[in-house]
Amino acid sequence: NFLDSAGHMVKPEEFRISIYQGGCEPSLRRVAWRHLLNIFPNGLSGKERFEYMKKKEKEYLELRDQWRKFTNGESMSEEMKFVTSMVKKDVLRTDRTHRFYSGSDDSKNLISLFNILVTYALTHPQTSYCQGMSDIASPLLVTQKDEAQAYLCFCATMKRLKNNFNLNGQAITTKFKHLSDLLQMHDPELHSYFQEINAGDLFFCYRWILLELKREFPFEDALYMLEVMWSTLPPDPPHGEIAMTDETFSIDNLSRSPCSPSFGMKQTVYAKLFAMRRNHSVLKSNEGETDAEKELAQNSVNNNSRIDSNNIEESCPITISQEYPAMNDVETQKMAAKSSSIDGSLKSPLQEIHDLEKDLHIQSSLDTEERCIQDQPASDARGRLTLEGLGDTCTCTDENVEKSESDNEQSQFEISLDDSPETKLNTSAKATALVEKPTHSSVTDHSNNGSESPDLEKRACDFSPENNCPKHSSDEWNSSVKEGKIIQNHETDSACSNSLCNSECDSYSEAQATISNSMEIVKSVDDKNVGLPPPMDFGCGNPFLMFLCLALLQQHREIILQKKLEYDEIAIMFDKLVRKHDVHKILHHGRLLYSEYLRTQQKLKESSESDPSV
Amino acid sequence: MSYAYLFKYIIIGDTGVGKSCLLLQFTDKRFQPVHDLTIGVEFGARMITIDGKQIKLQIWDTAGQESFRSITRSYYRGAAGALLVYDITRRDTFNHLTTWLEDARQHSNSNMVIMLIGNKSDLEARRDVKKEEGEAFAREHGLIFMETSAKTAANVEEAFINTAKEIYQKIQDGVFDINNEANGIKIGPQHSPSPSLPSSSGGGAQGSGCC
């Protein structure tokens, strides 16, 4: 239960963790995304949210109808002409292969997408319209199936992403820099190869960064990837109501002036571009270029982080502590590859979970959408959390598996890692049925000693904390888990993490073993992550995206290195992979990298706390 | 694959003039009416033969994202050829040529070969810019000119290949310093396949005699 009986969102962190681990049942997406994207102020009940949406919808329609009055004939301002013609061109080539946007060029959904983008551009003169925005708005409209609600989601998304579209390019430059640094730390070989072939700029990742990977996966998979990524961002509810316009915007801009104040610059994009380039060359001729740029980039990081720094620590939604050997030696690469392929093959059990969820939902005879989330069965949600949390803490290291060799199923797991995915599925298919990631299965076994083949439904119930964790261990565990805990800075989430931990292991000794193992790993892992900025800065506040990009690069590292691909060949390869990447592989890999990073961050934080001189 | 030279091209021009379609027609010989709008830069490559020499064209197709262009000032610098594209059915795209050209000239090397392309020549009924206007603009600014149709493939090969011929000629004339990769030209691996044949790296220059 993420909502209380009146529909207040009372467990935003747990809500996010649950989505992080397994995404969202597609039928719940519509509502879940509104929460994930922070369109609601804090503390609304279900009924209040309903009223709020009604009110915002009305506001949207007023804004939209305001500019639509002028779009016929000569009364259109230059700004409107520019915006509408740009948007129209792009809407006609955005996700047209998706059934939602297929059909004629003037179909209803295309017009909705057009309206959203034009309304946004005209009411946000500071940002206006830039290419790429249609890709960002498209999945929101597909999911919300309603123009006004999609507009709210778009405003909320753009609040975070508008810097990507700044003409000065600072945010993007910073993200490229961070990605490059990340690559250097995690995969020096690939990084230096890129340098060697003058591909160090990583420009072939531009689309990844600008659109936050939206185009890299098949559409439905992209929805899953997006929600998982959003779940790693701190809850950031609006104070008061979500802003639907720029601060500088007034409705008079639309009705009266031929041009909003800031549009003078924007209207001739090319002139602007030109002027900007000139500035750059002046800078350069003054030899200040590099430093000035660095400073700019630095400032942009700071600016961005300032926005988020208040919130980021509060949320720290990810309480996992996933263990995984370093990724840059051949053996572990292989292992990771295997586990990824298992990941893929587990897709259908995952589907079973979803089906199960569905069944359970049907049982609850509640009618409004809001309540769907509210009534997501506790046991089920807990089950997923538990499994994932467990897996993240207790598995993935050889030592770990070996240390619990007394357990029969453990050795099966060990074998299965070295064997084909099928072996694994055969030996412990049932046990893994509830988890998305195969590496978690050993933990599933841990926590369910004795229950060899429980059916799914029973299992779902088993995972309520009461059934799952012996009370006697919880206190000891609570104190010990601190070390294993990832980034838990928010006062309230100690409860959340404790309950996670409670259900994670069924004996204190196992917990200890896990922790001591994880400590060792951390030491070796630290080197790779230790120079990275903290989460509120890294990737301009979206570190998870950086790790997904790294995962994408690393998935293809062997081809790049073995075939010695040139810059253009790499870029062409990635262009051809548009909408073709395997979301399960990439998310799996990304989660592993991300939790390593979070663990390092936590260690750094702790060590700086215990030794203020550091 | 081995090649004697690699030429780097860029394609520039207003959004929606058919830059990506030209590239796709040239590299894949197909036309895709519904095409994702280009984000950032997309690449294409194709091997052509000029004067019996294998030449790899590496083509950078950029989008109008201003945020991207602002971080890629080096984009023009390393190009040997540029296709400057407008849409013959939209006069505004023709009117913007001066800006594009100025921008390109300012940031590229002075020898960059620029081909002006009036695209969508299949849409004769909707023509908004006369062919003569394109020719006049090209003459005035010292560009090569062609009207193309990415849809019917008319003149598409020619546009890319004639640009390459011009670059090749400039190499023969010694205008391009082929050892400076910033000029958008790279000598291919087949010119220096192994350290035992160092003299063959001058093959390109020797080959100039035959023209």
How many angstroms lie between NZ in A/K89 and OG1 in B/T15, if you round to the nearest 0.5 Å? 6.0 Å
Enter the distance from B/I39:CD1 to A/L210:CG here, rounded to the nearest 0.5 Å. 5.5 Å
Per-residue contact mode, A/D575 against chain B (heavy atom under 4.5 angstrom): side chain
Examine B/F43 together with A/Y567 and report whether their ring centres are nearer than 6.0 Å. yes
Test salt bridge (charged side-chain N to carboxylate O under 4.0 Å, His left out) applied to A/D568 and B/K56, step by step: CA-CA 11 Å; A/D568 58 318; B/K56 180 175 173 178; 3.2 Å; yes
Using a strict cut-off of less than 4.0 Å between a Lys/Arg side-chain nitrogen and an Asp/Glu carboxylate oxygen, indicate whether B/D36 and A/R207 qualify as a salt bridge. no
Output for pair (A/R93 CZ, B/L37 CG), nearest 0.5 Å, gives 5.0 Å
B/V41 and A/Y206: CA distance, side-chain angles, deciding distance, side chain to side chain contact (heavy atoms under 4.5 Å, CB included) verdict: CA-CA 8 Å; B/V41 59; A/Y206 179 77; 5.9 Å; no
Answer yes when A/E566 and B/K186 have at least one side-chain N-carboxylate O distance shorter than 4.0 Å, and no when they do not. yes
Tell me, for A/T97 versus chain B, whether the close heavy atoms (under 4.5 Å) come from the side chain, the backbone, both or neither. neither
With a sphere of 6.0 Å drawn around CZ of B/R126, does it hold more than 12 non-hydrogen atoms of other residues, nucleotides or ligands? no
